[in-house]
Protein chains: 2
Amino acid sequence: MLKIGDFSRLSQVSVKTLRYYDEVGLLKPTQVDQVSGYRYYSVVQLRQLHRILALRDLGFSLDQIGHVLEADLSTEELRGMLRLRRAEQQQRLLKEQECLGRVEALLQLIRQESTTNTEAVILKDTEPQRFASIRKTIPAYNQVGQLFGALFRDFPGSTARGPCFAIWHDDEHKDQDVDAEACIPVDEKYQGLSTIRCADLPMVKVASVIHQGAYNTLTQSYQRVLKWVEANGYQVHGPIREIYLQCGEPLRQDDDSYVTEIQVPIALDRGGRRVGNY
Amino acid sequence: MLKIGDFSRLSQVSVKTLRYYDEVGLLKPTQVDQVSGYRYYSVVQLRQLHRILALRDLGFSLDQIGHVLEADLSTEELRGMLRLRRAEQQQRLLKEQECLGRVEALLQLIRQESTTNTEAVILKDTEPQRFASIRKTIPAYNQVGQLFGALFRDFPGSTARGPCFAIWHDDEHKDQDVDAEACIPVDEKYQGLSTIRCADLPMVKVASVIHQGAYNTLTQSYQRVLKWVEANGYQVHGPIREIYLQCGEPLRQDDDSYVTEIQVPIALDRGGRRVGNY
DNA sequence: GTACGCCCTCCAGCGACAGGAGAGTCAAGC
DNA sequence: GCTTGACTCTCCTGTCGCTGGAGGGCGTAC
């Protein structure tokens, strides 16, 4: 019979941990002195503890380890658990790799530009959203206000479910003849009018940046997010969205208090794999 | 001014999380109603929140994020933090990869052998330990008892600091003329006798398995651990140790109650990298 | 006598929230 | 003006695998 300290030295597992395993019922000492409460382990239990440690090193939770050990499962069941575990672990690994990739991409961005101009770009999944819209080719980006004017004229403004936004359908930047869509989110049940298109915004992965400032400085934020997309190994994959989180009436091009979100749909650009369904 | 629910929808951050960020002082709403306690956020704060999310996605803790945001640090400091972060993340990634490797290795082992015979092998670092020993070439492995006999004859048994063990110095399995060392752990201050060698066991990475059963079944455990070492991409790297956790007097070859730990020093066997210093 | 060196139990803390109870608040419809 | 239902508040608990510490008991060596 070994006292907990001896057992701890032999197994290289801390006394605290052994007590914890006792508490959660994972490894109970073969004998406990009723009077002193001293735990006594037998050498044979080292084998049991080894099994616990092995499963722990495979990434199983103590709860799962408990089930595995007491279930005494077949090879086939074990194989199943391991395959599940492998899938989980692959997911985790992927996440950690992506995280590392983001850190490295940012370091690279900083190295490239001497400017500290690294406004926060984040990756997120947009929520699906029904919207009403008018789509038309307009002379320039900043003329989209007229489309919104037409949209609001035909439209009961109270049905808006969030900030209105624009979709730029062109594949590249254009100085004129912009294929633009002025949109307003509406309720799911809304079906549209004759003059107004009604569609569902799909769920899609986007790189997003919040632009605070006048519209005539938007290009800076565009450059930032596009550089970020490139540095992170993504590829623009669908029309860019511009969400007017805060703007005024009448609309001005030089109002510093406006807040706009730019969303760039993206897909992975590594080894031909693709993400996104826009 | 946006109520927390609106802010949550716009940012896609849960209400709970927003309240938590308020509590820890990471993002306080611009206004809080004194009477109702309602939090009111301004659209501008979306930018702040975006910064928080960006840093979070880089793997920083909320604590660090708080420091980063309020410190308003220089490009050089930012670079430093990112490099530190990168190093940490690389470490984590390595761990997760190793974990996945172990899972896959075990799956492979199961696939190879139909037997469920997967006694727990774990990877650990041995602790440095001073020991007294006698080393000699003996006819066969099971003759090591005689060495221990000689060792104990010259040796005050009470100085033992743990279970005695053997070291097999041969590079490969031998049926005769085994280069064996019978060892007993002693206190750090112990300096040895004339007839007895005294040395320090170095800290080393080992694959370890607990064998429960008679000595004449030890080969099964040896096979298991050696297969594990191979499947996990390691290489035997130093003399194998056999630790007699439980044995009896007189020593027998067929006593089922004996417990023995086998420790196989290992080094990485991938791309020429090496671990271990035995 | 006392000073270690064990061992015990019980409680708090970590990090980043999620879930839920119980109660108050707000805006719209009647 | 009242009800209803959606929204919000605070406060408490739980997560996971331990670690650290307080406060106390027991046994042995000096």
Please check if the side chain of A:Thr126 supplies one atom and the backbone of A:Val204 the other of a donor-acceptor pair under 3.5 Å.
yes
Kindly write out the residues that satisfy ring-ring contact (aromatic ring centres under 6.0 Å, His included) with B:Tyr258, not counting sequence neighbours, or none if the list is empty.
B:Tyr215
Find the distance A:Leu26:CG to D:dC18:C1' and express it as a whole number of Å.
13 Å
D:dT10 phosphate, OP1 or OP2, under 4.0 Å from B:Arg19 side-chain N/O
no
Write down the distance between CZ (A:Arg161) and C1' (D:dA6), rounded to a whole number of angstrom.
13 Å
Provide, to the nearest angstrom, the distance between the CG atom belonging to A:Leu49 and the C1' atom belonging to D:dC18.
15 Å
List every contact pair, protein side and nucleotides 23-27 of chain C side both N or O, where the distance is under 3.5 Å.
unit_1 : atom_1 : unit_2  : atom_2 : d
C:dG24 : N2     : B:Tyr38 : OH     : 3.0
C:dT25 : O4'    : B:Tyr38 : OH     : 3.4
C:dT25 : O2     : B:Tyr38 : OH     : 3.4

As a quick check of understanding, evaluate side chain to side chain donor-acceptor pair (under 3.5 Å) for A:Glu88 and A:Gln90, giving each step before the final call.
CA-CA 5 Å; A:Glu88 277 176 22; A:Gln90 282 166 343; over 6 Å; no
Sidechain-backbone polar pair: A:Arg241 side chain, A:Ile262 backbone, donor-acceptor under 3.5 Å
no
Parallel, tilted or perpendicular: which describes the rings of A:Phe148 and A:Tyr244, with under 30° parallel and over 60° perpendicular?
perpendicular
Treating primed atoms plus P, OP1 and OP2 as sugar-phosphate and everything else as base, which nucleotides of nucleotides 12-18 of chain C get B, S or - for protein heavy atoms under 4.0 Å?
----BBS
Roughly, in whole Å, what's the span from CD in A:Gln31 to P in C:dC8?
13 Å
If I take atom CD1 in residue A:Ile4 and atom P in nucleotide C:dC8, what distance separates them, rounded to the nearest angstrom?
5 Å
Integer-rounded Å distance: D:dG17 P and A:Leu27 CG
16 Å
Under 3.5 Å: donor-acceptor pair, side chain of B:Gln129, backbone of B:Val186:
yes
It should be established whether A:Arg39 places a side-chain nitrogen or oxygen under 4.0 Å from OP1 or OP2 of nucleotide C:dC7.
no
In whole Å, what is the span from the CD atom of A:Gln34 to the C1' atom of D:dC26?
17 Å
Before we go on, tell me: are the rings of A:Phe165 and A:Phe131 under 6.0 Å apart, centre to centre?
yes
Run the numbers on B:Ser208 and B:Glu261 for side chain to side chain donor-acceptor pair (under 3.5 Å), then give the verdict.
CA-CA 7 Å; B:Ser208 159; B:Glu261 178 178 356; 2.7 Å; yes
Expressed in angstrom and rounded to an integer, what is the separation of A:Glu23 atom CD from D:dT19 atom C1'?
13 Å
Side-chain (A:Gln212) to main-chain (B:Arg47) donor-acceptor, under 3.5 angstrom:
no
